[in-house]
**Student:** 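Sharing a structure with you now.
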Amino acid sequence: MQSPTYLAEGLRLPTNGLDYTILAIYFVVVLGIGFAARRSVKTSLDFFLSGRSLPAWVTGLAFIAANLGATEILGMAATGAQYGVAVVHWYWIGAIPAMVFLGLVMMPFYYGSKVRSVPEFLLQRFDKSAHLLSSVLFAFAAVLIAGVNLYALAIVVEALLGWPQWVAIVVAGFLVLAYITVGGLSSAIYNEVLQFFVILAALIPITILGLKKVGGWDGLSDSLTKSHGDNFLSAWAGTGIGHANPLGANWLTIILGLGFVLSFGYWTTNFAEVQRALSAKNLSAAQRTPLIAAFPKIFIVFLVMIPGLVAAVLVPKIGTSGSSLQYNEAIPYLMQELLPNGVLGIAVTGLLAAFMAGMAANVSSFNTVFTTDIWQRYVVKDREDGYYVKFGRMITAVGVLASIGTAFIASSFSNIMSYLQTLFSFFNVPMFVVFIIGMFWKRASMKSGVWGLFAGTTAAMVNYFWIYKQGVISIPSDQGANFVSAIVGFVAGAVVMVAVTLFTAPKPEAELAGLVYGTTSPGMAEPPATGDDAWYRRPSLLGWGAVVLAALCYIPYSF
C-alpha cells in the first residue's frame, strides 16, 4: 500500500450552468425512480429480490451496469494507461467465459434452489458454519468494494466542484443511501438500466475525441510504440514464462489466475451480480440475464481501454513520480482537456451514474446478506416479515456509513483496479473453489466447505502480504501478485476440502437434490413463462454466441 494520494490541484473541470442543469435533472430522475419503486415494496422478497418479477432485458442491463462502476471506468482506464492493450484480458478472458458459465451451468442451481443469496446456497449444500463464514466474508468484502466506488465518485466530484475529498465521499454516499433505502433492489435495478445508457453517453465522446486528439489509431499506436515499446500494444507479447512485459504476468498466470480463478470466482459467486439474475421472473430469464449482459461486455473494453491509452500519450509519465497525475485520474484529465460544455455535463453525469451503480450493487447485496443470512438466521429469528424490511433499510444505512470509511482505504492506491483484484483474490476465489467442488462432487463433506473457505482466504492473504509484499518471492507487479494469490487461494482451498472430506461425513444424498450437478429439483425444471421458443429466449444459443463473438474480437490482439 502506498501513502495516500490526492487529486491533482490543477485538475478542475470547466463546468458551467448547462452542465449543472444536466446533472441536476439526472439526480431528480434517480430519486424519482426510488420513490416510484417504493410502492412495489410490500414484503422482504420485494425489498431484497424485487419479488422475483423482472424481465430478462431489465435484469441483463442491470447485471452489466452493476459492474460498470469504479472497476470499469476509472479502474480499467487506469489499467490501460499503466499496462496497455493487456487490459482486454479482463474482458475476453476474464469475463465472457465466466458469464456464460454462470448462465448455462450455475443459474439453474441458484434459481432452482430458491435461495435469496449466494451464501444461502452454501447453507443448503454444506452446513451452518460454511454459511456463516461465507456471509461474514461477503458482507465485509461488499463494504470494501462499495468504498472503492465511493472513492472513485469522490474523484469526479472533487474535479467538478473542487470540494475536499472527504466532503465528496460523504455527499455521494448519502445520495446512494437515499434511493436504495426508499425503493430497495427494484430502485437499484431500474436506476442501473438508466445508468447503463448514461454511462455509454459519457464514454463514447471521450473515446472518439481522444482518438482524434492523438491522430487516430495509427497516431496512438505510433506514439505508444515509441514511448512504451511494442509490448504495450500487444495482449500476449512478452508473456512467455521468464519474459518481461508491462503487466508483470506470464501466460500461465493470466489464463489460470485471471481467466479461470479470479474471473469465475467473481462472476459466479459475487452476489452483487448474481442478485440481479435472482430477481428475474423465471428460470429462463435468470439464465439469460448474464448472457444478455455478455454482449455489451465484449465491446465496452474499447470505451475504457482507448481513453487510458490516450492518457498515456498525452501524459507520458502518468502514474509515476515524474507526474502529478495518478493512473486513476486518466478519465477526469481527458474530460478536462477534450469535452465542451454540455457534453462535459453528460460525461460527468455518466461517471456519477457508473459509480452509483457499482456502489448500489454492493450495498444492496450487503443489506440482503446481512439481513437474511446473518441477522434473520442467527440473531433475531421468526419475526414478522415487516420487521426484516425495516431492518434491511436500517442496515443499508450502516453499510453506506461503513463504505464511507473504506473509501479512504481505496484512496491510498494509485490504481484502484489493483486494489479490487486484491480483494477478489481474498474473498471471491475461496468461495468459488468451495462452490465448484461442492456443486460437482457429491462426496464433498459438510465440514469441508468451511475449512476450504478458511484455507483459501488465509492462503491468498499470506501470499500477498508476506510472500509478495515482504519480497520472499519476486513478483514484478501488483496485478501479477494478485493472479498468483488467486491461484494459491484456489489450490489451498481445494486441497483442504479434499483432505477434510476424507475424514468427515458427507451430506446425505437425499439432501443434495438440485444442489449437485446431475441431480434435479422441481425449481430447476421450471419452464419459461411463455411458450415462445424464439432464438433470443434460448440461453444456450445466447451463451455460445457471446463466446464466439468474443473470440472473433480477440483475433486482432492474439499475435
Side-chain angles (χ1 to χ4, degrees), residues 1-2 71 75 94 118-119 122 129-148 151 248-249 253-254 256-258 260-266 268-272 362 366 369 402-403 405-437 447-500:
M1 184 181 295
Q2 303 168 5
T71 305
V118 169
L122 291 184
S129 56
H131 172 250
L132 181 58
L133 179 58
S134 65
S135 299
V136 171
L137 290 176
F138 177 83
F140 184 62
V143 168
L144 288 172
I145 296 170
V148 175
Y151 167 61
T253 56
I254 292 172
L256 292 182
L258 175 62
F260 176 58
V261 181
L262 276 172
S263 169
F264 279 68
Y266 175 80
T268 65
T269 68
N270 183 22
F271 188 48
N362 284 283
F366 165 80
V369 168
S403 300
T406 61
F408 293 98
I409 299 176
S411 69
S412 64
F413 286 78
S414 178
N415 185 340
I416 53 178
M417 185 61 196
S418 296
Y419 174 54
L420 281 169
Q421 294 291 314
T422 301
L423 296 180
F424 296 155
S425 69
F426 292 168
F427 300 110
N428 291 96
V429 168
M431 195 173 296
F432 171 63
V433 69
V434 173
F435 265 85
I436 205 69
I437 290 179
K447 292 300 179 184
S448 68
V450 65
W451 288 109
L453 191 59
F454 178 79
T457 301
T458 302
M461 289 183 173
V462 167
N463 180 79
Y464 185 83
F465 289 115
W466 180 53
I467 295 178
Y468 167 57
K469 284 296 187 181
Q470 299 303 317
V472 176
I473 294 177
S474 178
I475 303 176
S477 68
D478 283 347
Q479 289 290 11
N482 290 333
F483 297 163
V484 174
S485 294
I487 295 171
V488 169
F490 184 89
V491 172
V495 169
V496 169
M497 283 191 73
V498 172
V500 171

**Student:** So, taking the atom named CZ in Phe465 and the one named OG in Ser485, what distance separates them when rounded to the nearest 0.5 Å?
**Tutor:**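 Result: 9.0 Å between the selected atoms.
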**Student:** For Ala139, give me all partners under side chain to side chain contact (heavy atoms under 4.5 Å, CB included), at least two apart in sequence or on another chain.
**Tutor:**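 Result, side chain to side chain contact (heavy atoms under 4.5 Å, CB included) vs Ala139: Phe366.
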**Student:** Under the side-chain hydrogen bond (donor to acceptor under 3.5 Å, both in side chains) definition, can you give me all pairs with a residue in residues 129-142, not counting sequence neighbours?
**Tutor:**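 Matches after skipping sequence neighbours: Asp127-Ser129, His131-Asp373, His131-Tyr378.
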**Student:** Minimum heavy-atom separation for Phe435 to Thr269, with atom names?
**Tutor:**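 For Phe435 and Thr269, the tightest heavy-atom pair comes out as CD1-CG2, 3.9 Å.
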**Student:** Heavy atoms only: give me the nearest Gly265-Phe432 pair and the separation to one decimal.
**Tutor:**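 The answer is CA-CB, 3.4 Å.
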**Student:** Apply side-chain contact (heavy atoms from CB on, under 4.5 Å) to the pair Phe426 and Leu137, showing each step before the final yes or no.
**Tutor:** CA-CA 9 Å; Phe426 292 168; Leu137 290 176; over 6 Å; no
**Student:** Just verifying a value: how many Å separate Leu144 CG and Leu423 CG, rounded to the nearest 0.5 Å?
**Tutor:**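 If I round to the nearest 0.5 Å, the distance is 5.5 Å.
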**Student:** Which heavy atom of Ala146 sits nearest a heavy atom of Ser403, and at what distance?
**Tutor:**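 Distance-wise, the nearest heavy atoms are CB-OG, 3.3 Å.
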**Student:** Look up atom CE in Met431 and atom CG in Leu133, then write down how far apart they are to the nearest 0.5 Å.
**Tutor:**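 Output value for this atom pair is 8.0 Å.
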**Student:** Report, as yes or no, whether the 6.0 Å neighbourhood of atom CZ on Phe260 holds more than 12 heavy atoms from other residues, nucleotides or ligands.
**Tutor:**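 Yes, enclosed.
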**Student:** Pick one: which of Thr458, Val488, Ile473 meets side-chain contact (heavy atoms from CB on, under 4.5 Å) with Asn463?
**Tutor:**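 Answer after filtering Thr458, Val488, Ile473: Val488.
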**Student:** At their closest point, which heavy atom of Ala455 faces which heavy atom of Val496, and how far apart are they?
**Tutor:**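 Answer, listing the atom of Ala455 first, then Val496: CB-CG2, 3.5 Å.
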**Student:** Identify the heavy atoms of Tyr464 and Tyr468 that sit nearest to each other, and give their distance.
**Tutor:**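 Distance-wise, the nearest heavy atoms are O-CB, 3.4 Å.
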**Student:** Look up atom CE in Met497 and atom CH2 in Trp451, then write down how far apart they are to the nearest 0.5 Å.
**Tutor:**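 If we round to the nearest 0.5 Å, Met497:CE and Trp451:CH2 are 13.5 Å apart.
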**Student:** Using the test side chain to side chain contact (heavy atoms under 4.5 Å, CB included), find all partners of Val495 that sit at least two apart in sequence or belong to another chain.
**Tutor:**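 Side chain to side chain contact (heavy atoms under 4.5 Å, CB included) check on Val495 returns Val491.
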**Student:** Could you walk me through whether Phe427 and Ile145 pass side-chain contact (heavy atoms from CB on, under 4.5 Å), step by step?
**Tutor:** CA-CA 11 Å; Phe427 300 110; Ile145 296 170; over 6 Å; no
**Student:** Nearest heavy-atom pair of Ala486 and Leu262: which atoms, and what distance?
**Tutor:**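 Ala486 and Leu262 have their closest heavy atoms at CB-CG, 3.6 Å.
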**Student:** Got a donor-acceptor contact below 3.5 angstrom from the Ser425 side chain to the Thr422 backbone?
**Tutor:**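 Yes; at least one donor-acceptor contact below 3.5 Å.
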